Novice: 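Provided herewith is a single structure, encoded as structure tokens, for subsequent inquiry.
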2 protein chains.
Amino acid sequence: MKQSDMAIGAGSLRAVDRRPHEFLWRRLSGFAALSDQERSMVRQSCAAPGEVRAGVELYVEGEPLAKPGALLAGWACRLRMLSDGRRQIFDFLLPGDLFGHPLGAAPVATTSAVTLTPVSIAGTGCLWEMAREPDRFPGLACAWAVAQARQEACLLDHVVRLGRQTAYERIAHLLVELGHRLDEIGFPLGSFVPMPLTQEVMADALGLSVVHVNRTLQQLKRERLIETRAASVRLIEPRALAEIADFRPPRRLPVSG
Amino acid sequence: MKQSDMAIGAGSLRAVDRRPHEFLWRRLSGFAALSDQERSMVRQSCAAPGEVRAGVELYVEGEPLAKPGALLAGWACRLRMLSDGRRQIFDFLLPGDLFGHPLGAAPVATTSAVTLTPVSIAGTGCLWEMAREPDRFPGLACAWAVAQARQEACLLDHVVRLGRQTAYERIAHLLVELGHRLDEIGFPLGSFVPMPLTQEVMADALGLSVVHVNRTLQQLKRERLIETRAASVRLIEPRALAEIADFRPPRRLPVSG
DNA sequence: CGACATATTGATGGTAGTCAAACCTGGTGG
DNA sequence: CCACCAGGTTTGACTACCATCAATATGTCG
């Protein structure tokens with residue numbers, strides 16, 4: 001499980017290049033039914049994706065949010081640095097996920113976002129405007145709201161992991177969560193799926209040390225619960241893992257709190 | 001620092017009874033300038049507050065969100081229970097804070113909310129409708145958005161606490177954060193302010209054991225950084241505490257990420 | 001006063017952090 | 001082709017933070 005420049009990377013998967021809107025479309029239509037018109041707008045937005053290398057900041061905490069966007073391929077994460085260099089990752093952005101959409105009025109980023117692999121991104125300014133007109137574009141507006149609610153829900157799960165779970169549970173929980181999210185965009189749960197996370201990244205997300213992440217992953221492998229390869233993982237026993245992690249599959253439909 | 005049925009409690013502070021909208025008004029107007037009309041609407045919403053005793057659920061995870069509201073007096077918290085009885089508190093609701101406002105379409109609560117003291121609450125259905133019409137009620141709409149962004153920001157801070165800070169830092173950080181929030185609604189930073197949290201509640205928020213919270217609080221007292229009394233605390237050295245906690249005061253104005 | 005919740009204290013152990021070194025692996029360049 | 005390097009992974013030894021268990025105060029309320 002190590003960083004690979006090509007996992008779902010930009011410029012490597014032909015399927016992605018030919019249909020750059022693929023993941024975004026799957027994700028949004030998984031949240032709400034979209035009209036043909038909305039679909040074509042989504043496709044248009046993805047027409048000329050931007051390519052960004054790994055390790056690049058998409059936006060920076062404290063600075064005005066430049067442009068809202070969507071990840072078409074590749075992974076990124078939202079994070080914050082402490083003054084002494086410690087790092088905390090809040091969540092991961094997978095293909096099809098939205099980022100950089102202001103919540104309040106004056107858009108100042110409360111986190112930074114950094115690419116973990118090469119990514120390709122679409123600007124979503126236009127879609128975002130549409131999503132604010134529920135009357136004209138009900139499907140898009142709904143999908144947008146659900147996407148946002150989902151991200152919020154993941155953040156809550158993250159708090160629970162950090163606050164009340166052991167290292168073993170945390171890792172299981174994260175793997176299952178990512179497994180389900182990947183499942184939603186077309187990577188079947190239980191098969192080998194892309195997981196371009198270094199152990200250091202997992203450590204910074206889960207509030208653990210790299211060493212401990214390593215040992216705990218080994219334990220999961222020894223117990224035949226997971227299997228790793230290059231930059232990908234297979235959840236051999238998704239149910240057992242979910243049990244260990246006290247994982248609750250996200251509700252089928254919209255959500256808030 | 002122990003639970004007290006009357007800290008800012010319902011029916012005890014005359015100032016609150018006479019001007020039930022006081023805290024909500026301070027909070028909202030601290031986020032955005034409100035017109036006279038908006039002000040009077042806020043006051044009207046608070047005209048007949050509901051009274052709820054301590055330890056009562058305002059809403060429950062997984063159930064439809066009944067009515068959006070605002071806390072006029074008293075404290076509550078948002079939390080989630082794990083299947084084995086462990087508990088994780090996500091954040092605290094202080095006087096003037098909003099709760100139960102749906103993000104997505106179908107309003108299902110992603111957390112539960114429980115009162116920590118007796119509270120009085122106002123229904124905000126009407127204000128919420130207004131906040132959705134930025135053209136007619138720009139101030140309210142803005143204040144609403146900022147309030148929401150602020151809550152989100154607190155959640156991010158909470159993740160950092162849980163993921164990357166020691167018990168000592170976590171407690172300092174929480175106290176400073178609450179100190180600042182109380183300051184914003186009229187309890188001066190550096191003076192004795194209400195803090196009706198049991199050590200168990202702090203433990204469940206900070207991912208620590210009760211025993212360890214107790215010992216860490218004692219350390220802070222020994223070092224003359226804080227002082228406690230009944231259900232209140234005084235941050236003797238707010239700057240030193242902020243330093244310890246790597247606390248960043250929230251940005252003056254709107255925010256998002 | 002007695003029942004109950006909360007706070008405090010002591011003793012003990014385990015989970016996870018730290019430090020340090022070795023080991024891969026893929027990429028670079030002589 | 002191979003030496004070299006950087007980033008990532010793995011291993012071992014040691015430590016410490018914090019959880020757990022248990023018992024005792026302290027306080028509050030009926």
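Naming: A, B, ... by sequence-line order, numbering from 1 per chain. From a predicted model like this one, the values you see are computed outputs, not experimental measurements.
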Novice: Select base, sugar-phosphate, or nothing to describe what B:Val210 touches, counting heavy atoms under 4.0 Å on all strands.
Specialist: nothing

Novice: Let's see if you can work this out: which of D:dG8, D:dT11, C:dA11 has an atom nearest to the side-chain heavy atoms of B:Arg215?
Specialist: C:dA11

Novice: Within a 6.0 Å radius of atom CD on B:Glu243, are there more than 12 heavy atoms belonging to other residues, nucleotides or ligands?
Specialist: no

Novice: Would you mind reporting whether A:Leu72 and A:His21 have side-chain heavy atoms less than 4.5 Å apart?
Specialist: no

Novice: Checking the side chain of A:Glu61 only, and the main-chain atoms of A:Arg80 only, is there a donor and an acceptor separated by less than 3.5 Å?
Specialist: no

Novice: Closest nucleotide of DNA chain D for A:Glu200 versus for A:Arg164: which of these residues is on the 5' side?
Specialist: A:Glu200

Novice: Nearest to the A:Asn214 side chain among C:dA7, D:dT10, C:dT18, which nucleotide is it?
Specialist: D:dT10

Novice: Please list each protein N or O that sits under 3.5 Å from an N or O in nucleotides 24-26 of chain D, with the distance.
Specialist:
none

Novice: Where the side chain of B:Thr228 meets the backbone of B:Val233, is there a donor-acceptor pair that is under 3.5 Å apart?
Specialist: no

Novice: What is the separation between atom CG on A:Leu217 and atom P on C:dA16, rounded to the nearest whole Å?
Specialist: 13 Å

Novice: Keeping B:Arg78 on the side-chain end and B:Thr111 on the backbone end, is there a donor-acceptor pair under 3.5 Å?
Specialist: no

Novice: Quick one: does B:Gln88's side chain have a donor or acceptor within less than 3.5 Å of a partner on B:Ala205's backbone?
Specialist: yes

Novice: To the nearest Å, give me how far apart CD (A:Gln199) and P (C:dT25) are.
Specialist: 14 Å

Novice: Without decimals, in angstroms, what is the distance between B:His212 NE2 and C:dG14 P?
Specialist: 18 Å

Novice: Taking OP1 and OP2 of C:dA7, is either one under 4.0 Å from a side-chain nitrogen or oxygen of B:Gln218?
Specialist: no

Novice: Output the rounded distance in Å from CZ (B:Arg229) to P (C:dT6).
Specialist: 22 Å

Novice: Measure CG/B:Asp84 against P/D:dT20 and give the value in whole Å, please.
Specialist: 10 Å

